[in-house]
Amino acid sequence: MATFQTLPGFREFYPEDFARRNHIFRLWRQTAGVFGFSEYDAPVLEPLELYKAKSGDEIEAQLFSFTDKGGRDVALRPEMTPTVCRLVGAKASSLKRPIKWFSIAEFYRYERMQKGRGRCFFQFNADIFAEPGPEAEIELIALLTQCLCAFGLTDQDFYVRLSDRNLWFYYLEALGLDELRIRAMLGAVDKFEKMGDDAFKSYAEQFGEPGDELKAKVLAFLRVKSLSAIEETVASLGGEKISARLADWRKLLAGLAAMGLERFVEVDLGVVRGLAYYTGFVFEAFDRKGELRALAGGGRYDDLVQKIGGPALPAVGFAIGDMTFALLLEQRGLMPALVQVPDVYCVIGGEKERAAAFADIHALRAAGFRVDYPLREMAFGKQFKAAAECGAKIALIYGGDELAKGTVKIRDLSDRSEREVPSVDVIAAVRDIFTG
Ligand code: HAM
């Protein structure tokens, strides 16, 4: 007989895995709520066109796409950003501002599989629309940090690398590059950390080898790691655009410092992000040890809402992926055991006793207690063993003798002590045990 397996890179969630996933989603959701973000969702399957020339070549090459029975070219969503731009764009004028939205959803990319990378994964996305200034970046980087700290991670475990595509544009423009060359050069910068000198290949193929001087200047800028170094490097370029941008930088860093988040954030112009739509500040979160792939990434994308057919609307956001994040929690021993145990286990004699037990079981569950019992009749010995092993605090015993007396026996499973209570008082007695 044929056995079927999951497709490569796809995941199944057995209950223990699902409990971990729930734990992560619950804290993300709670954190987003505390920051005043509203939750939304959208379709998994989208028109292919939504991603073409918007997300960038890399994501486009990774799409799970096909033609549906109606002849439409469609794709499983590889990311949320174009979708959320459509949602917000369609109702931009009626949405209460600031527009602070989040979602937790599954995405699909036909990627080469590696540790922390799959073909389906979840992301927590948070985005702010209609806020052009760095106030939005402050709010989002604070949320990103708290989404990680909520699990017990600290500045010893992760950090956020902060960079700026605007500054890169101004810098490369001043070096004499036109827009196409600038975009190709940013592609090289994005890949430089992974590929070294080979990162410049694609630029060289399109525009010829970048001269040694240009390359040296790009590499020097890529290694800039502080605001003072930025100021030094771009000061000579002069101009209003540059001084306004430096003011944004100061505002952003001062806001983060005032929130006490300085220790999480490092200026690092080596980050430019691979996605095509970013226009300003960009950031990525990594584990401090540098062992894992990116935990999260984001940035400003002021043109995308309009490109997707909406009004001109500034936007900035980020996404945390669940896979690297879960690996980091496990590595740091911060993934709780999350075993679900019942509060009460019912040991039941025969058919008659079952009827009495069922009434209590249902009443206890309705009162919020986790109650378990053997679905089928079972020897007493086996039931006591199950009660002892399941982790419940107490067992309720519905035997023939008890039923005849109109009582139920309560056994404390930690010390095996027992007492009897009148049947009518069982619910109150259990409540006393758990609240008393
Ligand atoms: P991204 O950098 O492509 O950004 O993905 C964000 C995070 O999703 C990554 O840092 C990683 O943790 C996770 N991720 C991405 N691809 C995979 C994969 N194949 N397997 C496992 N995890 C993965 C975006 O998607 C942007 N749309 C984020 C954004 C929101 N920008 C603005 N708003």
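Fair warning: this is a prediction, and the values are worked out from it, not measured in the lab. In listed order, ligands and their atoms are each counted from 1.
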### K307 with D303: basic N within carboxylate O range, under 4.0 Å
no

### pair V267-L253: side-chain heavy atoms closer than 4.5 Å
yes

### Task
List every atom of ligand 1 that sits less than 4.0 Å from any heavy atom of N125, numbering the atoms from 1 in the order shown and giving each element.
30 (C)

### Query
Looking only at heavy atoms of Y277, does any of them come nearer than 4.0 Å to an atom of ligand 1?
yes

### Task
Between D322 and ligand 1, find which residue part has any heavy-atom pair under 4.0 Å and reply side chain, backbone, both or neither.
neither

### Task
Report yes or no: is the cationic atom of K215 (NZ for Lys, CZ for Arg) under 6.0 Å from the centre of the six-membered ring of F200, at an angle within 45° of the ring normal?
yes

### Closest protein heavy atom (residue, atom, distance) for atom 1 (P) of ligand 1
R273 NH2, 3.6 Å

### Task
Could you find the nearest protein heavy atom to atom 24 (C) of ligand 1 and give me its residue, atom name and distance?
L275 CD1, 3.6 Å

### Task
Would you mind listing which atoms of ligand 1 come within a distance below 4.0 Å of any non-hydrogen atom of M323?
21 (C)

### Message
Applying salt bridge (charged side-chain N to carboxylate O under 4.0 Å, His left out) to D302 and R300, what does each step give before you reach the verdict?
### Response
CA-CA 6 Å; D302 283 348; R300 183 166 279 281; 2.8 Å; yes

### Message
Using a strict threshold of under 4.0 Å (side-chain N to carboxylate O), is an ion pair present between K217 and E213?
### Response
yes

### Query
Does G116 come within less than 4.0 angstrom of ligand 1, counting non-hydrogen atoms of the residue?
yes

### Query
How far is atom 15 (C) of ligand 1 from its nearest protein heavy atom, and which residue and atom is that?
R109 NH1, 3.5 Å

### Enumerated ligand 1 atoms positioned under 4.0 Å from heavy atoms of T324
12 (O)

### Query
Looking at atom 19 (N) of ligand 1, what's its closest protein heavy atom, distance included?
E111 OE2, 2.6 Å

### Query
Do R181 and D178 meet the salt-bridge criterion of a basic N to acidic O distance under 4.0 Å?
yes

### Query
Quick one: does Q62 get within less than 4.0 Å of ligand 1, heavy atoms only?
no

### Task
Mark the output for Y301 as yes if a heavy-atom distance to ligand 1 is under 4.0 Å, and as no if none is.
yes

## Note on the structure
With heavy atoms and a 4.0 Å threshold, my read on which part of D127 contacts ligand 1 is side chain

#### Entry: Residue and atom name of the nearest protein heavy atom (relative to atom 5 (O) of ligand 1), distance in Å to one decimal
Q123 NE2, 3.1 Å

## Note on the structure
On a heavy-atom basis, the closest approach of R288 and D155 is NE-O, 2.7 Å

### Query
Is NZ or CZ of R273 both nearer than 6.0 Å to the six-membered ring centre of F283 and within 45° of the ring axis?
no

### Query
Taking the side chain as C-beta and beyond, is there a heavy-atom pair between L329 and I24 under 4.5 Å?
yes

### Task
Could you establish whether F325 and ligand 1 come within less than 4.0 Å of each other, counting only heavy atoms on the residue side?
no

### Task
Could you tell me if the ring centre of F325 sits under 6.0 Å from that of W28?
yes

### Message
Y170 vs V234, test: side chain to side chain contact (heavy atoms under 4.5 Å, CB included). Steps then yes/no.
### Response
CA-CA 9 Å; Y170 302 156; V234 299; over 6 Å; no

### Query
So which protein heavy atom does atom 13 (C) of ligand 1 come closest to, and at what separation?
G321 CA, 3.6 Å

### Query
If you count the atoms of ligand 1 from 1 in the order shown, which ones are under 4.0 Å from a heavy atom of E79?
25 (O), 26 (C), 27 (N)

### Task
Verify whether the ring centers belonging to F64 and F10 lie closer than 6.0 Å.
yes

### R117 touching ligand 1 at heavy-atom level, < 4.0 angstrom
yes

### Query
At a non-hydrogen distance cut-off of under 4.0 Å, which region of A296 contacts ligand 1 (side chain, backbone, both, or neither)?
backbone

### Query
Which protein heavy atom lies closest to atom 31 (N) of ligand 1, and at what distance to 0.1 Å?
Y278 OH, 2.6 Å

### Short N-O contact, R11 and E106, less than 4.0 angstrom
no

### Task
Under 4.0 Å from a heavy atom of L295: give me the atoms of ligand 1 that qualify, with their elements.
10 (O), 12 (O)

### Message
Starting from atom 20 (N) of ligand 1, what is the nearest protein heavy atom, named by residue and atom, and what distance separates them?
### Response
G118 N, 3.0 Å

